[in-house]
Amino acid sequence: MPNGQHGQQQPPAGGQWYPPEWPARIRALMDGSLTPVEPRRAATVMLLRDTPDGPVVHMLRRKASMAFAGGAYAYPGGGVDPRDEDHLVGWAGPSRDEWAARLATDPRTAQAIVCGAVRETFEEAGVLLAGETADTVVGDTTGDDWEADRTALVARELSFAEFLDRRGLRLRSDLLGAWARWITPEFEPRRYDTWFFVAALPEGQRTRNASTEADRTVWIRPADAADGYDEGELLMMPPTISTLRSLEPYGSAVDALTAAAGQDLTPVLAQASLENGELVLSWPGHDEFTKRVHPGGTP
């Protein structure tokens with residue numbers, strides 16, 4: 001579930017996660033003693049379903065013991081598998097060229113990113129956006145045979161292309177909408193270039209906590225999750241709370257999926273500067289996350 005930062009949290013302002021090692025790493029980046037690591041491509045999916053009170057989104061809470069974002073709420077997601085660039089998978093919906101244009105990359109990389117979004121949703125939530133034809137979606141995926149394949153995918157014993165081929169399935173890229181793109185700050189030791197997608201829960205499928213990294217899953221209205229963050233009850237990283245707030249205006253999962261085509265995919269990358277002895281950490285276009293770090297190292 002990559003979303004952008006690393007470490008254990010300080011007591012949050014709101015529910016924002018603030019790793020205590022950030023000030024020292026920011027200073028090292030600024031004085032040239034820290035070389036940024038190359039971010040790894042990743043994909044994460046905001047899975048929606050409709051209720052009488054409006055759409056709800058599926059979220060997982062990372063185990064508190066996790067070194068990466070312990071206790072934080074996130075969406076199903078993870079790193080892109082390079083193997084998904086090499087094999088043309090069964091495909092339905094917008095072409096790879098169309099996805100390449102939308103994601104500002106080449107067709108092979110676009111295929112891998114879209115495959116990563118669909119694969120991670122299956123691995124961590126048990127939901128599969130694929131079908132035998134271009135206009136069908138598989139039904140219940142909770143049987144033992146599905147679980148065996150899911151486990152093999154998690155262990156990387158089976159590539160996603162091999163999985164689809166073996167089952168005679170086409171990836172339903174039309175069921176995904178690209179929503180946002182965030183890149184982990186340059187001062188972080190573990191970095192991701194993460195594309196956020198939106199999708200609706202297919203009829204007949206149901207979610208479950210299939211992730212070994214999460215201790216809780218919830219379906220929650222975006223506005224309620226944002227309120228929990230604002231009250232300091234739900235811990236989240238900036239990309240998570242930002243995308244949650246951006247979902248609030250939509251009255252249905254279909255409305256959100258339709259709106260995805262107009263979402264800005266300009267990468268969001270945190271910037272650090274030094275002002276009057278204070279470190280200032282900001283995310284362009286997202287002023288609520290700006291932090292001023294005092295010389296003693298506390299925000």
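We count residues from 1, following the sequence as given.
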| Asp174 versus Pro94: any side-chain heavy-atom pair under 4.5 Å? | yes
| task | Kindly indicate whether the side chain of Thr243, heavy atoms from C-beta on, has any atom under 4.5 Å from the side chain of Met236. | result | no
| task | Could you check if a side-chain atom of Val37 sits within less than 4.5 angstrom of a side-chain atom of Glu186, using non-hydrogen atoms only? | result | no
| said: To the nearest 0.5 Å, what is the distance between CZ on Arg292 and CG on Leu281? | reply: 11.5 Å
| query | Run the side-chain contact (heavy atoms from CB on, under 4.5 Å) check on Thr207 and Leu201 step by step: do they pass? | reply | CA-CA 8 Å; Thr207 58; Leu201 178 69; 4.1 Å; yes
| query | What about Phe122 and Phe160, are their ring centers closer than 6.0 Å? | reply | no
| query | Leu244 and Met59: side-chain contact (heavy atoms from CB on, under 4.5 Å), yes or no, with the steps? | reply | CA-CA 10 Å; Leu244 272 173; Met59 302 190 76; 4.0 Å; yes
| Flag, side chain of Thr105 to backbone of Ala110, donor-acceptor distance under 3.5 Å | no
| request: Can you measure from CD (Glu120) to OG1 (Thr44) and round to the nearest 0.5 angstrom? | output: 8.0 Å
| remark: Sorted by chain and residue number, the side chain to side chain contact (heavy atoms under 4.5 Å, CB included) partners of Val138 (sequence neighbours excluded) come out as Leu128, Thr141, Trp146, Leu169, Gln205
| Residues Glu123 and Arg156 bridged, charged N to O under 4.0 Å | yes
| query | Under the side-chain hydrogen bond (donor to acceptor under 3.5 Å, both in side chains) criterion, do Thr290 and Trp283 qualify, and how do the steps go? | reply | CA-CA 7 Å; Thr290 298; Trp283 280 259; over 6 Å; no
| said: Let me confirm one number: the OG1-CH2 distance from Thr109 to Trp99, rounded to the nearest 0.5 Å. | reply: 14.5 Å
| message | Take a 6.0 Å sphere around CD of Glu248 and say whether it holds more than 12 heavy atoms from other residues, nucleotides or ligands. | response | yes
| query | With a 4.5 Å heavy-atom cut-off, do Ile241 and Tyr73 have their side chains touching? | reply | no
| Reported CE-to-OG distance for the pair Met30 and Ser273, which is rounded to 0.5 angstrom | 6.0 Å
| Residue pair Ser252 / Asp255, side-chain donor-acceptor N/O under 3.5 Å | yes
| query | What orientation do Tyr250 and Trp179 show, parallel under 30°, tilted 30 to 60°, or perpendicular over 60°? | reply | perpendicular
| Side-chain heavy atoms of Arg190 within contact of Thr184, under 4.5 Å | no
| query | Are Val280 and Phe289 grouped together when hydrophobic residues (ILVMFWY) are joined by side-chain heavy atoms under 4.5 angstrom apart? | reply | no
| query | Are Arg170 and Asp165 close enough for a salt bridge, meaning some N to O gap below 4.0 Å? | reply | no
| field | Exceeds 12 heavy-atom contacts within 6.0 angstrom, atom CD of Glu275 | value | yes
| task | Find out whether His58 and Tyr75 are in side-chain contact, i.e. whether some heavy atom of one side chain is under 4.5 Å from a heavy atom of the other. | result | no
| said: Can you tell me if Asp31 has over 12 outside heavy atoms packed within less than 6.0 Å of its CG? | reply: yes
| field | Evaluation steps, side-chain contact (heavy atoms from CB on, under 4.5 Å), between Arg216 and Leu60 | value | CA-CA 6 Å; Arg216 184 187 185 207; Leu60 304 87; over 6 Å; no
| Mind checking whether Pro239 and Val268 have side chains closer than 4.5 Å, heavy atoms only? | no
| Quick one: is the NZ or CZ of Arg41 closer than 6.0 Å to the six-membered ring centre of Trp195, and within 45° of its axis? | no
| said: Please evaluate residues Trp182 and Ser242 with respect to the criterion side-chain hydrogen bond (donor to acceptor under 3.5 Å, both in side chains), reporting the C-alpha separation (whole Å), side-chain torsions for both, the decisive distance (0.1 Å), and the verdict. | reply: CA-CA 10 Å; Trp182 288 67; Ser242 173; 4.6 Å; no
| query | Is the closest side-chain heavy-atom distance between Arg181 and Thr266 below 4.5 Å? | reply | no
| query | How long is the gap from CZ on Arg150 to CG on Leu158, to the nearest 0.5 Å? | reply | 12.5 Å
| query | Are any of the side-chain nitrogens in Arg172 or Asp135 under 4.0 Å away from the carboxylate oxygens of its partner? | reply | no
| field | Salt bridge Arg119-Asp84, side-chain N to carboxylate O under 4.0 Å | value | yes
| task | Report the C-alpha separation of Val127 and Leu47 in whole Å, then their side-chain angles, then the decisive distance to 0.1 Å, and conclude whether the side-chain contact (heavy atoms from CB on, under 4.5 Å) test is met. | result | CA-CA 9 Å; Val127 170; Leu47 191 63; 3.9 Å; yes
| Hey, what do you get for CG (Leu171) to CG (Leu176), rounding to the nearest 0.5 Å? | 7.0 Å
| task | Could you walk me through whether Asp97 and Ser95 pass the side-chain hydrogen bond (donor to acceptor under 3.5 Å, both in side chains) test, one step at a time? | result | CA-CA 5 Å; Asp97 287 340; Ser95 69; 5.0 Å; no
| message | For Asp140 and Thr142, which I'm curious about, is there any donor-acceptor pair between the side chains at under 3.5 Å? | response | yes
